[in-house]
Amino acid sequence: MTDLQKFFADADRIKKHERADNGGSYDAQRATEKIISLFISNNPDMSSLAASFADYWKKTYIDSSADMEGEPTAENLDKLGAMQSILDGETFSTECLSSQDWKELCSLSNFEAEDIPMDALEKMMMIFVDKQAF
């Protein structure tokens with residue numbers, strides 16, 4: 001199991017426990033916050049950038065959802081997984097990101113650049129250049 005597969009499995013587990021631990025009542029907001037905490041904790045060397053990515057994800061895809069009770073959907077989790085791939089310096093599963101997503105993630109990375117380990121920053125910048133996110 002890859003780190004990304006583990007992230008998806010853990011996110012699914014959070015959603016299931018949210019429903020099971022609350023008598024069948026699902027609180028999408030609470031589940032989303034737990035998944036965001038998982039995402040940030042998976043990136044201890046870049047926690048500030050991970051928090052920025054997660055905040056962007058929540059505002060763009062979760063908070064604007066017409067069906068809040070169904071959030072986060074598999075499609076929206078795929079987007080957060082794509083952001084995890086970028087933080088890992090990979091492009092696996094990033095095809096779901098829009099050009100606007102790429103530009104915003106690049107901008108957030110530039111803003112946080114001084115706090116990102118140099119090797120991780122180099123990998124991410126190569127990805128952003130390849131995706132023409134500047």
Side-chain angles (χ1 to χ4, degrees):
M1 180 180 280
T2 67
D3 288 342
L4 190 56
Q5 289 170 324
K6 182 177 179 340
F7 171 74
F8 286 130
D10 289 345
D12 285 341
R13 196 169 9 265
I14 286 169
K15 288 177 68 173
K16 287 177 186 173
H17 277 283
E18 178 57 36
R19 187 175 312 282
D21 294 347
N22 293 293
S25 177
Y26 181 73
D27 184 335
Q29 195 67 29
R30 189 168 44 222
T32 297
E33 290 303 324
K34 288 178 181 179
I35 290 169
I36 287 172
S37 291
L38 169 68
F39 181 76
I40 293 168
S41 70
N42 280 349
N43 297 285
D45 293 340
M46 296 183 280
S47 60
S48 182
L49 181 59
S52 294
F53 277 21
D55 185 57
Y56 169 74
W57 172 76
K58 184 177 182 291
K59 286 179 181 173
T60 305
Y61 295 104
I62 306 301
D63 293 345
S64 65
S65 175
D67 180 25
M68 190 57 194
E69 287 307 309
E71 291 298 339
T73 63
E75 180 181 326
N76 287 338
L77 282 173
D78 285 347
K79 292 181 185 304
L80 191 60
M83 293 176 197
Q84 180 62 61
S85 288
I86 294 167
L87 291 172
D88 291 340
E90 301 172 1
T91 57
F92 181 73
S93 288
T94 58
E95 61 277 350
C96 62
L97 296 175
S98 70
S99 60
Q100 181 59 39
D101 290 332
W102 282 107
K103 288 179 183 184
E104 185 63 26
L105 297 174
C106 180
S107 176
L108 292 169
S109 299
N110 284 332
F111 184 76
E112 300 279 349
E114 66 184 39
D115 297 327
I116 302 171
M118 187 57 74
D119 60 327
L121 181 61
E122 288 175 5
K123 288 178 185 176
M124 286 190 301
M125 288 300 129
M126 286 174 46
I127 292 169
F128 292 134
V129 167
D130 184 54
K131 298 294 182 179
Q132 299 177 346
F134 289 95

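Since this is a predicted model, take the numbers as computed values, not measurements. FYI, the numbering just counts along the sequence from 1.
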Set of residues satisfying side chain to side chain donor-acceptor pair (under 3.5 Å) with respect to [X], sequence neighbours excluded:
{"X": "K6", "result": "D10"}
{"X": "S65", "result": "E71"}
{"X": "S99", "result": "none"}

Mind checking what makes side-chain contact (heavy atoms from CB on, under 4.5 Å) contact with I36, not counting sequence neighbours?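 Here the qualifying residues are T32, E33, I40, A54, W57, K58.
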
Please list all pairs meeting salt bridge (Lys or Arg N to Asp or Glu O under 4.0 Å) that have one or both residues in residues 14-25, counting only residues at least two apart or in different chains. E18-R30, E18-K34

Any salt bridge (Lys or Arg N to Asp or Glu O under 4.0 Å) pairs touching residues 43-55, not counting sequence neighbours?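 Those involving residues 43-55 are D55-K59.
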
State which residues pass salt bridge (charged side-chain N to carboxylate O under 4.0 Å, His left out) with D3; sequence neighbours excluded, sorted by chain then number. none

Report the residues that fulfil salt bridge (charged side-chain N to carboxylate O under 4.0 Å, His left out) with D12, sequence neighbours left out, ordered by chain and then residue number.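 Not a single residue meets the salt bridge (charged side-chain N to carboxylate O under 4.0 Å, His left out) criterion with D12.
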
Check: residues 101-108 side-chain donor-acceptor pairs under 3.5 Å, at least two apart:
unit_1 : atom_1 : unit_2 : atom_2 : d
D101   : OD1    : Y56    : OH     : 2.5
D101   : OD1    : Y61    : OH     : 2.7
D101   : OD2    : Y61    : OH     : 2.6
D101   : OD2    : S98    : N      : 2.9
D101   : OD2    : S98    : OG     : 3.2

Sorted by first residue and then second, give each side chain to side chain donor-acceptor pair (under 3.5 Å) pair with at least one member in residues 84-96; sequence neighbours left out. N43-Q84, Q84-D88

Return each pair, listed once, that meets side chain to side chain donor-acceptor pair (under 3.5 Å) where at least one residue sits in residues 112-122; pairs must be two or more places apart or across chains.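 Sorted pair list: S48-E112, S52-E112.
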
Looking at side-chain heavy atoms only, is the closest gap between N22 and D27 below 4.5 Å?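 Side chain of N22 against side chain of D27, heavy atoms only: no contact under 4.5 Å found.
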
Any side-chain heavy atom of D78 sitting closer than 4.5 Å to one from F8? yes

I'd like a table of donor-acceptor pairs (distance under 3.5 Å, sequence neighbours excluded) in which one partner is a side-chain atom from residues 127-134, with atom names and distances.
none

